[in-house]
Trainee: 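I have a structure I would like to understand better, so I am pasting it below and will then ask my questions one at a time.
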Amino acid sequence: MDTEQLLASETLRHMVLDLRQMQTFIEDPLVITKADGVWYEDVHGRRIMDGLSGIFVVTVGHNNRRVIGAIKAQLDTIAFAPPLHATNPPAIELVRRLGEVTPGNLNTIKLLSGGSEATEAAMKLARQYHKQTGHPNKYKIIARYYGYHGATMGALSATGTRRRKTMFEPMLPGFLHVHPPTCFRCPYEKTYPACDVFCARTIEDMIQLEGSDTVAAVILEPIGNTGGVVTPPAEYLPAIRELCDRHNVLLIFDEIITGFGRTGQMFASHTFGVTPDILCMGKGMSSGYIPLAGIAFRDTMAEAFWGSDEDEVEFSHGHTYGGNPVAAAAGLACLAEIVERDLPARAREMGAYLRSRLESLAELGIVGEIRGKGLLVGIEFVKNTETREPFGPDVKFGVQVGKTALKKGLLTRFDPNWIAFAPPLIVNREHIDYMMDIFTDSVKETLKKVRG
Ligand SMILES: Cc1ncc(COP(=O)(O)O)c(C=O)c1O
């Protein structure tokens, strides 16, 4: 297809992009034709820096020859193995390697193809586990407002973001929500550290009020994307780990964004020093070269799923593409890149530099808070830094900045009040300078418009 055909609205109007108003999209469509390293190129030959790893995915960068080579070689060997009857060498090797890099004894792995599949599987595993260990009434799942766990009905029921779910209600029964640790705007109007992580303690209240014999699991993102890179204080996750243990409630970390080096360690679980019972992974697991996701859980939990065929205690769950050999080969190559090039260390170093550049914007008087770990960094904008008053809802400051930056050649994740950066972990200082120069200009231009 030539450029004119690719941009023809008669064709594009028959597409449905993720969470997008297509009527707006077709007015000025972005059609990307190539990518290399940290750069995209669109249909007009315009370069755009990938400040978001696509959507928190392309950890090892675009056009990584090792990952591409592994996929090609695997296609020549075996592209599909029967998932009900057999497994295959790359899947076996990937499970072994993942067991080495996951925290604690999360050595039992189920391979899947997408993040929503992973969170669904984790919650189903938790329910079946309790049924098979003498607690058949433990079925409720506690999640958090602003959390996002995927688009399918179970994952969506755990999701706590109104815009993504109300049009599909009613959600599944048994899903409850608590506030996340948004210290900058504490929903309980408390102040850290005097609050003694009250928000974590509300989870225990909920477990007790609901009856701990009815609660199966708590699911959360160690750092929440929606809400503006919500980063917990150091005591928060240890406090939740401890209360889950006391009430025999499983702790599920949704590390679909935070996994594979993003926060400066292999998993955010390492960054915060807390091991969940079940860890959900996706996105950076294959760097987007092919769909790949999974869950890792304790070997001691896995024991509840061992028995004879007649016992019917095997994990009663599966997807056609789980453990696909080509996906597993991509995952192995991607993991090798992350480990051998020590990309988590690079995320720490470059994340610190990105942060320092963002901090220098303080003089503009609109930086509320800079949050995140490693190369998952968010900035919240405010109208008034003293009072933390946000810009009015009609201003959509962050959206204006994000759209301006995109026009200038930088892709970010933007929201009315915040912007997130999550470039590929291969970025260098020059890339970050390029990103921050565009970002600074975009903030200044938006400020001019807003302040007049
Ligand atoms: C934290 C988190 N969990 C789950 C998902 C769902 O993953 P997928 O879109 O691959 O189904 C996402 C997707 O953005 C996510 O960010």
Side-chain angles (χ1 to χ4, degrees), residues 103-106 119 122-131 133-149 154-155 157-161 171-224 226-227 230-255 258 267-269 271-280 297-298 300-301 304:
N105 62 349
L106 306 185
T119 53
M123 294 185 288
K124 286 175 71 178
L125 187 87
R127 285 185 173 179
Q128 190 179 338
Y129 170 79
H130 286 301
K131 284 207 164 49
T133 53
H135 303 281
N137 298 327
K138 275 182 168 287
Y139 71 95
K140 292 176 190 164
I141 308 281
I142 299 179
R144 302 189 309 193
Y145 291 113
Y146 292 102
Y148 182 72
H149 298 292
S157 300
T159 289
T161 306
M171 292 287 112
L172 306 184
F175 285 80
L176 306 159
H177 292 85
V178 293
H179 285 293
T182 36
C183 300
F184 188 68
R185 296 189 190 286
C186 177
Y188 302 106
E189 300 183 356
K190 292 187 181 293
T191 309
Y192 175 79
C195 63
D196 193 19
V197 285
F198 180 82
C199 52
R201 289 184 285 127
T202 60
I203 295 178
E204 178 151 37
D205 287 346
M206 184 175 266
I207 292 171
Q208 283 170 333
L209 288 165
E210 292 288 330
S212 67
D213 56 336
T214 70
V215 181
V218 170
I219 183 167
L220 53 85
E221 298 152 83
I223 295 179
T226 315
V230 178
T231 310
E235 302 85 342
Y236 177 81
L237 293 172
I240 295 177
R241 174 70 277 177
E242 191 270 327
L243 70 88
C244 281
D245 283 343
R246 263 189 294 113
H247 295 283
N248 187 24
V249 167
L250 297 173
L251 180 57
I252 304 171
F253 279 0
D254 177 345
E255 291 232 31
T258 55
F267 290 97
S269 180
T271 302
F272 291 103
V274 173
T275 303
D277 299 294
I278 310 173
L279 189 153
C280 305
F297 54 104
R298 285 192 277 114
T300 45
M301 270 182 77

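This chain uses plain numbering: 1 for the first residue, then up along the sequence.
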Trainee: Any side-chain heavy-atom pair from Pro233 and Cys183 closer than 4.5 angstrom?
Mentor: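 Heavy-atom side-chain distance check passes, below 4.5 Å.
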Trainee: Is the backbone of Ala158 close enough, under 3.5 Å, to the side chain of His177 for a donor and an acceptor to pair up by distance?
Mentor: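 Yes, the answer is positive, given that a donor and an acceptor are paired below the 3.5 Å cut-off.
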Trainee: Just how far is it from atom NE2 of His130 to atom CG of Leu125, taken to the nearest 0.5 Å?
Mentor: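 Between His130 NE2 and Leu125 CG, I get 9.5 Å after rounding to 0.5 Å.
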Trainee: Side chains of Pro276 and Leu106, heavy atoms from C-beta outward: is any pair under 4.5 Å?
Mentor: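 Counting from C-beta outward, Pro276 and Leu106 do come under 4.5 Å.
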Trainee: Is there a side-chain contact between Pro181 and Val197, using heavy atoms and a 4.5 Å cut-off?
Mentor: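 Not in contact.
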Trainee: With side chain to side chain contact (heavy atoms under 4.5 Å, CB included) as the criterion, how do His149 and Met123 come out once you've worked through the C-alpha distance, each side chain's angles and the decisive distance to 0.1 Å?
Mentor: CA-CA 11 Å; His149 298 292; Met123 294 185 288; 5.7 Å; no
Trainee: State, yes or no, whether a side-chain contact exists between Phe253 and Thr258 at a heavy-atom distance under 4.5 Å.
Mentor: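 Phe253 does not reach Thr258 side chain to side chain.
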Trainee: For a 4.5 angstrom cut-off between non-hydrogen side-chain atoms, does Pro222 reach Thr271?
Mentor: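 No, side chains not in contact.
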Trainee: What I'd like to find out is whether the side chain of Met301 reaches to under 4.5 Å of the side chain of Ile278, using heavy atoms alone.
Mentor: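 Yes, at least one pair of side-chain atoms sits under 4.5 Å.
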Trainee: Report the distance from atom OH of Tyr129 to atom CG of Asn248, rounding to the nearest 0.5 Å.
Mentor: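 So the gap between those two atoms works out to 6.0 Å.
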Trainee: Tell me, with the steps shown, if Tyr146 and Val230 meet side chain to side chain contact (heavy atoms under 4.5 Å, CB included).
Mentor: CA-CA 9 Å; Tyr146 292 102; Val230 178; 5.7 Å; no
Trainee: Hey, does Ile207 have a side-chain heavy atom less than 4.5 Å from the side chain of Arg246?
Mentor: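 When only atoms from C-beta onward are counted, Ile207 and Arg246 do not touch, as no gap falls below 4.5 Å.
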Trainee: Would you say Ile240 and Leu220 make side-chain contact, with heavy atoms under 4.5 Å?
Mentor: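 The answer is yes, as the side chains (C-beta and beyond) meet within the 4.5 Å cut-off.
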Trainee: Return the SG to CD distance between Cys244 and Glu204, rounded to the nearest 0.5 Å.
Mentor: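 Separation between the atoms: 9.5 Å.
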Trainee: Determine, step by step, whether Arg144 and Val218 satisfy the side chain to side chain contact (heavy atoms under 4.5 Å, CB included) criterion, reporting the C-alpha distance in whole Å, the side-chain angles of both residues, the deciding distance to 0.1 Å, and the verdict.
Mentor: CA-CA 9 Å; Arg144 302 189 309 193; Val218 170; over 6 Å; no
Trainee: Taking Glu210 for the side chain and Val215 for the main chain, is one N or O donor matched with an acceptor at less than 3.5 Å?
Mentor: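 No, Glu210 side chain to Val215 backbone: no donor-acceptor pair under 3.5 Å.
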Trainee: Look up atom OG1 in Thr214 and atom CG in Asn137, then write down how far apart they are to the nearest 0.5 Å.
Mentor: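 That separation rounds to 8.0 Å.
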Trainee: Apply salt bridge (charged side-chain N to carboxylate O under 4.0 Å, His left out) to residues Asp277 and Arg241 and explain how you reach the verdict.
Mentor: CA-CA 9 Å; Asp277 299 294; Arg241 174 70 277 177; 2.9 Å; yes
Trainee: Using 0.5 Å steps for rounding, measure from the CD atom of Glu221 to the CD atom of Glu255.
Mentor: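 Interatomic distance, Glu221 CD to Glu255 CD, rounded to 0.5 Å: 10.0 Å.
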Trainee: Among Tyr236, Tyr188, Tyr192, which residue meets the ring-ring contact (aromatic ring centres under 6.0 Å, His included) test with Phe198?
Mentor: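 For Phe198, the ring-ring contact (aromatic ring centres under 6.0 Å, His included) test succeeds with only one of Tyr236, Tyr188, Tyr192, which is Tyr188.
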Trainee: Roughly how far, to the nearest 0.5 Å, is OG of Ser212 from NZ of Lys140?
Mentor: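 Here the rounded value is 10.5 Å.
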Trainee: Yes or no on side chain to side chain contact (heavy atoms under 4.5 Å, CB included) for Arg298 and Leu250, after CA distance, side-chain angles and deciding distance?
Mentor: CA-CA 11 Å; Arg298 285 192 277 114; Leu250 297 173; 3.8 Å; yes
